[in-house]
2 protein chains.
Amino acid sequence: MDQTQRRRGAALESALLDAAWDELLESGYARLTMEAVAARAQTGKQVLYRRWPNRAELVVAAMRHRTGSIVQDVPDTGSLRGDVLAVLQRMADRFAALGPDLIHGLLSEAPDVSPEITSRMSGVMLAIVLRAAERGEIPSAALPLSVLLAPTNLLRHQMLLTREALEPATLTTLVDDVFLPLAGAGAQATPTS
Amino acid sequence: MDQTQRRRGAALESALLDAAWDELLESGYARLTMEAVAARAQTGKQVLYRRWPNRAELVVAAMRHRTGSIVQDVPDTGSLRGDVLAVLQRMADRFAALGPDLIHGLLSEAPDVSPEITSRMSGVMLAIVLRAAERGEIPSAALPLSVLLAPTNLLRHQMLLTREALEPATLTTLVDDVFLPLAGAGAQATPTS
DNA sequence: TGAATAAGAGACGCAAGGTCTCTTGTGGGG
DNA sequence: CCCCACAAGAGACCTTGCGTCTCTTATTCA
């Protein structure tokens with residue numbers, strides 16, 4: 001019964017972050033308590049507070065720990081439309097697992113994590129658009145930032161402000177009705193007239 | 001000293017909502033406490049809980065009480081660009097007074113107020129676009145909903161996810177680079193090339 | 001092998017949401 | 001005109017959960 005195996009350093013930290021992540025999935029951000037995380041990790045609260053100053057920081061660290069690696073790669077489907085759809089789909093998938101409460105909770109408790117959320121997006125979109133311009137799909141890759149981020153920002157807005165699961169057409173609408181026209185792809189293509 | 005004037009009914013309710021609103025402006029949503037609202041209104045917590053089941057509902061009621069009337073009228077500046085800019089400016093002004101914490105807090109505590117936020121917007125935008133089509137500024141008023149709400153949704157997204165005060169160019173960018181091109185206004189006008 | 005460090009465990013203080021109870025002013029109905 | 005049911009005002013109280021403090025004990029490093 002007595003474990004007498006005391007974890008330390010990176011191994012312990014990883015266990016703590018895993019516990020936090022599991023609590024997040026099980027209870028959501030609003031119901032995640034430090035006590036529960038500590039209990040799940042078979043330790044005390046002090047071990048958590050030794051590493052992260054508060055609940056929000058712990059959760060942010062847990063998210064980075066779990067999802068940090070997936071963000072890097074840029075989809076490459078061969079077409080601008082496919083690439084942007086893939087990005088949106090990935091956002092939607094990631095969001096579906098956690099729900100909007102997480103973002104709202106974090107942003108209302110730890111205001112300084114805002115940049116974290118939107119930061120890497122512009123790099124991804126820029127890479128996609130550059131490739132599309134090389135391919136000749138669009139006349140120029142020099143899009144205003146507001147256009148470049150319009151689809152991802154609109155999707156994020158929708159996911160944050162709507163409780164229902166988003167219907168499949170939402171993503172294609174964002175790409176076909178908003179982004180592609182603005183990017184100047186296929187001047188003759190204007191669907192849903 | 002002794003007031004011995006006991007408020008009742010609508011008068012009392014209005015005083016409660018005013019107190020809540022003042023607390024909101026002074027402390028923000030996160031730091032607004034029921035105790036403080038009750039104290040400011042010179043009453044007890046029970047009077048609050050007799051009317052609203054929780055903090056979030058009280059705050060929503062306070063917002064409706066204060067801002068309910070302003071939303072109705074649709075700006076009419078004579079041009080589509082001016083109208084949309086006026087709508088965005090109004091959103092920005094209203095938001096500036098309260099900050100993003102309010103929305104995040106409400107949405108993480110009282111998930112069922114989401115529709116409240118975006119509901120009336122589509123009606124306003126639709127009216128503006130209809131007038132612009134009658135004027136001949138745009139070929140058709142039959143825009144996809146995602147286009148119709150793109151500028152307001154993008155602005156809301158920005159205000160929610162960014163802490164800094166938004167720079168003046170943000171609004172014009174949304175109108176000139178995103179909305180007007182999508183609405184088909186002035187096919188030759190493609191600024192910021 | 002011994003001393004410094006940090007893990008594990010849990011008590012504690014405190015703020016705030018929300019409930020309960022009690023007294024007392026007040027307006028409406030008899 | 002008076003009485004009484006209702007709700008205002010006041011505050012004690014319970015609970016949850018964050019964050020701190022303390023204490024013992026395992027582990028690691030010199």
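First the proteins, then the strands, lettered A, B, ... as listed; each starts at 1. All of these numbers come straight from a predicted model, not from anything done at the bench.
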Taking only the side-chain nitrogens and oxygens of Q5(A), find out if one of them lies under 4.0 Å from OP1 or OP2 of dA7(C).
-> no
Look at D18(A) together with R40(A) and state whether they make a salt bridge at an N to O cut-off of under 4.0 Å.
-> no
To the nearest Å, give me how far apart CD (E109(A)) and C1' (dG19(D)) are.
-> 13 Å
Residues within residues 19-41 of chain B bordering DNA chain C, heavy-atom distance below 4.0 Å = L32(B), T33(B), M34(B), E35(B)
Might you confirm whether atom CZ of R31(B) has over 12 heavy atoms from other residues, nucleotides or ligands at distances under 6.0 Å?
-> no
Nearest-Å distance, CG (L12(A)) to C1' (dT28(D))?
-> 15 Å
Tell me whether the OP1 or OP2 atom of dG8(C) has a side-chain N or O from R7(A) closer than 4.0 Å.
-> yes
Taking atom types as they are modelled, is there a donor-acceptor pair under 3.5 Å from the base of dG11(D) to the side chain of K45(B)?
-> no
Does a nitrogen or oxygen in the side chain of R8(A) sit under 4.0 Å from OP1 or OP2 of dT5(C)?
-> no
Could you give the CZ-to-P distance, from R6(A) to dA7(C), as a whole number of Å?
-> 9 Å
Check whether NZ of the Lys or CZ of the Arg R55(B) lies under 6.0 Å from the centre of the six-membered ring of Y49(B) and within 45 degrees of that ring's axis.
-> no
dA8(D) phosphate, OP1 or OP2, under 4.0 Å from T43(B) side-chain N/O = no
Non-hydrogen side-chain atoms of D73(A) and R90(A) separated by less than 4.5 Å = yes
Return the minimal non-hydrogen interatomic distance between E137(B) and L80(B), and the atom names on each side.
-> OE2-N, 2.8 Å
Using only side-chain N and O atoms of Q42(B), determine if any of them is under 4.0 Å from OP1 or OP2 of dA8(D).
-> no
At under 4.0 Å between heavy atoms, what does Q46(A) touch on the DNA or RNA strands: base, sugar-phosphate, or nothing?
-> base
Exercise: do D101(A) and S108(B) side chains pair donor with acceptor under 3.5 Å = no
Close aromatic pair by centroid cut-off 6.0 Å: H104(A) and H104(B) = yes
Please name the residue in the list L88(A), V87(A), V84(A) that meets the side chain to side chain contact (heavy atoms under 4.5 Å, CB included) test with L171(A).
-> L88(A)
Between F179(B) and the options T173(B), L143(B), L85(B), the side chain to side chain contact (heavy atoms under 4.5 Å, CB included) test singles out L143(B)
Can you list, by residue number, the residues of residues 48-57 of chain B that have a non-hydrogen atom closer than 4.0 angstrom to DNA chain D?
-> R50(B), R51(B)
